[in-house]
2 protein chains.
Amino acid sequence: MKRVTRQRTEILRVIDESERPLGPQEILQAGREAIPSLSIATIYRTLRDLLAEELIKTVALPGDSPRYESLHAHAHHHHHFQCTRCQKVFDIHGCPGSLQGMEVPPGFQVDHHEVTLYGLCADCVGVGS
Amino acid sequence: MKRVTRQRTEILRVIDESERPLGPQEILQAGREAIPSLSIATIYRTLRDLLAEELIKTVALPGDSPRYESLHAHAHHHHHFQCTRCQKVFDIHGCPGSLQGMEVPPGFQVDHHEVTLYGLCADCVGVGS
DNA sequence: ATGTCTGCAAATCATTTGCATCGTG
DNA sequence: CACGATGCAAATGATTTGCAGACAT
């Protein structure tokens, strides 16, 4: 039987209220504003549990450590855009669909896919270097 | 002044002759067939050098550690497939192209993209769990 | 009360680095 | 011969785990 503790509640709140995916350290920092004693071990353990309960999902970008976002608020199939200047990650709705044009070798079974777009976000377009 | 050592030559040969991107441990194992004393530290140091010289390129997949492939043999634009059973990564030629259907927010500038397919490779299709 | 959850510190695991020695140029 | 490269082992940095005490039910 899963217990409703202050730290679990706070961690879930931080993730739910964020408009962008957060990493463990970001969650720790935000959570410590309410619970100063909060430890990184609790963050990792709680993230594992929340993932298992499907209350949050992992956002994994190529070559970057994982971030987490509320599954309820992001349940639909979507992809991500990472700004190459500010590194922020944004949701992109829609999907190329069939991914026709990809030459999958014979005998391979495609189950799902991941698309990441890179470029400049609206805030960074037109900003110097 | 860069020296042509047995280990550097062997590491580059292993990567060049592989039909799929390899991780550091895979390169170590393959390289030890020719040089049993080969150490993992040398692998990492040599990979760093080869990347700087643009003889190889990094293949970064979401949520997984990096693989490396020959830049000369893989200079063209392509994507990757990762087997969800054996974790191996394979090149996929072709590209969905315009990525139409992706609803990029107004003001965003897309520069490049990354597509990863997941599923079972030919060897793992039909193999029990 | 009872068994889960937390914080701390120690343990992993992958990658990096210091250093004495090896070997290429 | 000189200096970059190698192998070993210790150092790092991120994540995981053991354990005794704290707390939800």
Side-chain angles (χ1 to χ4, degrees), chain A residues 1-16 21-69 82 87 89, chain B residues 1-16 18 20-69 82 86-89:
Chain A
M1 177 53 182
K2 200 150 292 294
R3 293 184 178 177
V4 178
T5 63
R6 280 201 324 140
Q7 8 303 75
R8 178 188 160 94
T9 302
E10 175 63 12
I11 291 169
L12 192 47
R13 189 189 65 71
V14 165
I15 296 172
D16 275 342
L22 300 177
Q25 290 297 338
E26 292 178 301
I27 297 168
L28 179 65
Q29 278 200 302
R32 279 190 167 163
E33 288 176 21
I35 309 174
S37 68
L38 188 58
S39 85
I40 190 65
T42 297
I43 301 290
Y44 282 109
R45 276 188 289 234
T46 305
L47 286 174
R48 184 198 342 98
D49 294 344
L50 293 176
L51 282 169
E53 297 166 57
E54 301 194 299
L55 290 176
I56 64 174
K57 72 186 284 272
T58 300
V59 176
L61 299 184
D64 213 335
S65 42
R67 296 128 195 248
Y68 303 88
E69 67 186 1
Q82 182 168 35
Q87 314 304 322
V89 175
Chain B
M1 177 50 179
K2 199 153 293 296
R3 293 181 179 180
V4 178
T5 62
R6 283 206 317 145
Q7 10 300 76
R8 178 189 160 95
T9 303
E10 175 64 10
I11 291 169
L12 192 47
R13 189 189 64 70
V14 166
I15 296 173
D16 275 342
S18 173
R20 61 181 179 80
L22 300 177
Q25 290 297 337
E26 291 177 302
I27 297 168
L28 179 66
Q29 278 201 302
R32 278 191 167 163
E33 287 176 21
I35 309 175
S37 68
L38 189 58
S39 83
I40 189 65
T42 297
I43 300 290
Y44 281 109
R45 277 187 289 234
T46 304
L47 286 174
R48 183 196 345 98
D49 295 344
L50 294 175
L51 282 170
E53 298 166 56
E54 299 194 301
L55 291 176
I56 63 174
K57 71 188 283 272
T58 301
V59 175
L61 299 186
D64 210 334
S65 42
R67 301 331 198 266
Y68 303 87
E69 66 186 4
Q82 182 169 35
C86 69
Q87 314 304 318
K88 282 180 185 161
V89 174

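A, B, ... follow the sequence lines: proteins, then strands. Residue 1 opens every chain.
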For a quick check of understanding: with a heavy-atom distance under 4.0 Å over all strands, which category does [X] fall into, base, sugar-phosphate or nothing?
X: A:Ser39; result: base
X: B:Ile40; result: nothing
X: B:Arg45; result: base

Subject >> Residue mapping more 5' on DNA chain D - nearest nucleotide basis, B:Ile11 or B:Arg3 >> reply: B:Arg3
Original post:
Does the side chain of B:Tyr68 come within less than 4.5 Å of B:Thr58's, by heavy atoms?
Top reply: yes
**OP:** State, yes or no, whether a side-chain contact exists between A:Thr42 and A:Leu28 at a heavy-atom distance under 4.5 Å.
**Re:** no
If I take atom [atom1] in residue [X] and atom [atom2] in nucleotide [N], what distance separates them, rounded to the nearest angstrom?
X: A:Arg6; N: D:dA24; atom1: CZ; atom2: P; result: 9 Å
X: B:Glu26; N: C:dA14; atom1: CD; atom2: P; result: 13 Å
X: B:Glu10; N: D:dA5; atom1: CD; atom2: P; result: 18 Å
X: B:Asp49; N: C:dT16; atom1: CG; atom2: P; result: 12 Å
X: B:Leu50; N: D:dA5; atom1: CG; atom2: P; result: 11 Å
X: A:Arg32; N: C:dG7; atom1: CZ; atom2: C1'; result: 10 Å
X: B:Gln25; N: C:dC13; atom1: CD; atom2: P; result: 12 Å
X: B:Ile35; N: C:dT24; atom1: CD1; atom2: P; result: 11 Å

Original post:
Among D:dG7, C:dC5, C:dG7, which nucleotide sits nearest the side chain of B:Leu38?
Top reply: D:dG7
Subject >> Minimum-distance nucleotide (side-chain atoms of B:Ala41 versus C:dC5, C:dG7, C:dT17) >> reply: C:dT17
Using OP1 and OP2 only, check whether a side-chain N or O of [X] sits under 4.0 Å from [N].
X: B:Ser65; N: C:dA14; answer: no
X: A:Ser37; N: C:dT6; answer: no
X: B:Gln7; N: C:dG23; answer: no

**OP:** State whether the side chain of A:Gln82 and the backbone N or O of A:Val89 hold a donor-acceptor pair below 3.5 Å, judged by distance alone.
**Re:** no
Subject >> Minimum heavy-atom distance B:Glu10-B:Ile35, with the two atoms named >> reply: CB-CD1, 3.8 Å
Original post:
So does B:Lys57 have more than 12 non-hydrogen atoms from other groups sitting under 6.0 Å from NZ?
Top reply: yes
**OP:** Could you pick out which residue, B:Arg48 or A:Arg8, lies toward the 5' side of DNA chain C when each is mapped onto its nearest nucleotide?
**Re:** A:Arg8
